[in-house]
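Please read all numbers here as calculations on a predicted model, not as lab measurements.
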Amino acid sequence: MPEADEVDEEEEMPLSLRLSIADTLTLGNATCGFMAVYFTTTGILIPHLTGSQESGMARHSAATAVILMLCAAVFDLFDGLVARKLRSSPMGAELDNLSDLISFGLAPAYFVLVYGMVADDAHQRVAAVGAIVVLLAVVLRLARFSCVTLKDGTFQGMPSPFGALTVVSIVLLELPFVATLLAILGTAWLMVSRVEYPKPRGRLAGAMLGWIVLSMGLLAAWAFDAPSGQLLLQTGCALQLVMGAVIPLFATARRVNNFRDNRREARAAQLP
């Protein structure tokens, strides 16, 4: 049956089109990002445009949208771990970038845009500019990540999942509009900057996962109007901003220590 075998081989799916387990997790990332946009539209924007005054529904929808972005971050965290342990298809890197663009570029930028339309003290057009800056920062960051090879263990610039969560945390803090916009622009700058951030591996990955789960709990408490839910949410959002500013200091301190150690070794090597 040689002819039948040849037909089967021709009809077999190419390796480049087979999805691995890591690729499936990556698609889960993209799905969560799209659903975050959906809940932001149906639960916040449309009720505002139709004159609905159901603030509870808007709170639930905002919390759901942010929780979905957090779920996307979990998928993004695990797809890399699974790809290193098992394997990823040749499409893995491209799928990861496209999914990150949806979940950590489009979804938070759209969240900022809707905030500019529904907040009392916001300016819609100025908020739209801020949303575009966030989106372009993620696009540039992902493009640079694909083209530039960095030393193992660090990212150049704030990772896009961390940047997206920082942007929505700024919005949820309900600061004055000017302060909110400046903080959002500062976060966008950090994403395209050369500031080093450590990659979430080992204990850091576990700490990141724990922080995401805690954030989900804070959002749920706020959504269901639990006692002190608003205060807990604002505390969590403030901690997110603090971590975004403090975490690079650890990478900088490690680089300085490595530089000092190298100088000491060089001096020791020059001694007779």
Side-chain angles (χ1 to χ4, degrees), residues 26-49 58-59 61-76 95-119 121-146 155 157-193 195 197 212 215 219 237 240-241 244:
T26 303
L27 294 178
N29 171 6
T31 302
C32 288
F34 174 78
M35 293 305 296
V37 173
Y38 169 79
F39 278 99
T40 303
T41 302
T42 58
I44 303 175
L45 180 60
I46 292 179
H48 172 75
L49 295 177
R59 188 187 303 114
S61 298
T64 302
V66 180
I67 287 175
L68 284 166
M69 292 184 215
L70 289 167
C71 291
V74 173
F75 280 119
D76 186 62
L95 286 176
D96 190 57
N97 278 347
L98 293 171
S99 298
D100 286 354
L101 180 59
I102 296 171
S103 298
F104 311 125
L106 175 62
Y110 186 71
F111 199 81
V112 172
L113 179 65
V114 172
Y115 154 75
M117 299 177 68
V118 303
D121 64 336
H123 301 277
Q124 181 176 337
R125 294 182 179 179
V126 179
V129 173
I132 292 172
V133 171
V134 170
L135 179 63
L136 294 181
V138 175
V139 170
L140 292 173
R141 170 172 176 72
L142 293 174
R144 186 178 66 183
F145 181 78
S146 300
F155 287 116
M158 180 183 286
S160 53
F162 200 88
L165 299 180
T166 304
V167 167
V168 297
S169 295
I170 293 168
V171 175
L172 292 176
L173 272 175
E174 298 182 355
L175 300 171
F177 176 73
V178 174
T180 298
L181 182 64
L182 291 176
I184 289 172
L185 295 178
T187 304
W189 175 82
L190 280 174
M191 284 193 281
V192 297
S193 70
V195 178
Y197 282 77
I212 290 175
S215 299
L219 284 162
C237 292
Q240 176 73 28
L241 269 65

Which heavy atom of Leu49 sits nearest to which heavy atom of Met117, and what is that distance? CD2-CE, 4.5 Å
Side-chain contact test, heavy atoms from C-beta onward, threshold under 4.5 Å: evaluate it for Leu70 versus Leu165 and give yes or no. yes
Could you grab the distance from atom CZ of Arg141 to atom OG of Ser193, nearest 0.5 Å is fine? 8.5 Å
On a heavy-atom basis, the closest approach of Ile212 and Ala73 is CD1-CB, 4.0 Å
Where is the tightest heavy-atom contact between Thr42 and Pro47, given as atom of each residue plus distance? O-CD, 3.2 Å
Minimal heavy-atom distance between Ser61 and Ile44, with the atoms involved, is CB-CG1, 4.1 Å
Using the test ring pair (Phe, Tyr, Trp, His ring centres under 6.0 Å), find all partners of His123 that sit at least two apart in sequence or belong to another chain. Phe177
Could you note down all residue pairs passing side-chain hydrogen bond (donor to acceptor under 3.5 Å, both in side chains) where residues 105-114 supplies at least one of them, sequence neighbours left out? Thr41-Tyr110
Please identify each residue that fulfils side chain to side chain contact (heavy atoms under 4.5 Å, CB included) with Leu142, with sequence neighbours left out. Asn97, Asp100, Leu101, Val138, Ser160
Minimum heavy-atom separation for Gly130 to Leu181, with atom names? CA-CD1, 4.0 Å
How long is the straight-line distance from CG of Asp96 back to CG of Asn29, given to the nearest 0.5 Å? 7.0 Å
Partner set under side chain to side chain contact (heavy atoms under 4.5 Å, CB included) for Val192, not counting sequence neighbours: Ala137, Leu140
Give the C-alpha distance, both sets of side-chain angles, the deciding distance and a yes or no for side-chain contact (heavy atoms from CB on, under 4.5 Å) between Phe104 and Asp76. CA-CA 10 Å; Phe104 311 125; Asp76 186 62; 4.1 Å; yes
Heavy-atom side-chain proximity of Ile184 to Val171 below 4.5 angstrom: yes
How many angstroms lie between CZ in Phe155 and CZ in Arg144, if you round to the nearest 0.5 Å? 11.5 Å
Residues at least two apart in sequence or cross-chain that pass side chain to side chain contact (heavy atoms under 4.5 Å, CB included) with Ala119, listed by chain then number, are Tyr115, Asp121, Ala122
Taking all heavy atoms of Leu68 and all of Cys32, pick out the closest pair and write down the distance. O-CB, 3.3 Å
Going by heavy atoms in the side chains, are Met69 and Pro161 under 4.5 Å from each other? no
Find the distance between CG (Leu113) and OG1 (Thr40) and round it off to the nearest 0.5 Å. 10.5 Å
Could you list the residues that satisfy side chain to side chain contact (heavy atoms under 4.5 Å, CB included) with Thr166, not counting sequence neighbours? Met158, Phe162, Ile170, Thr187, Gln240, Leu241
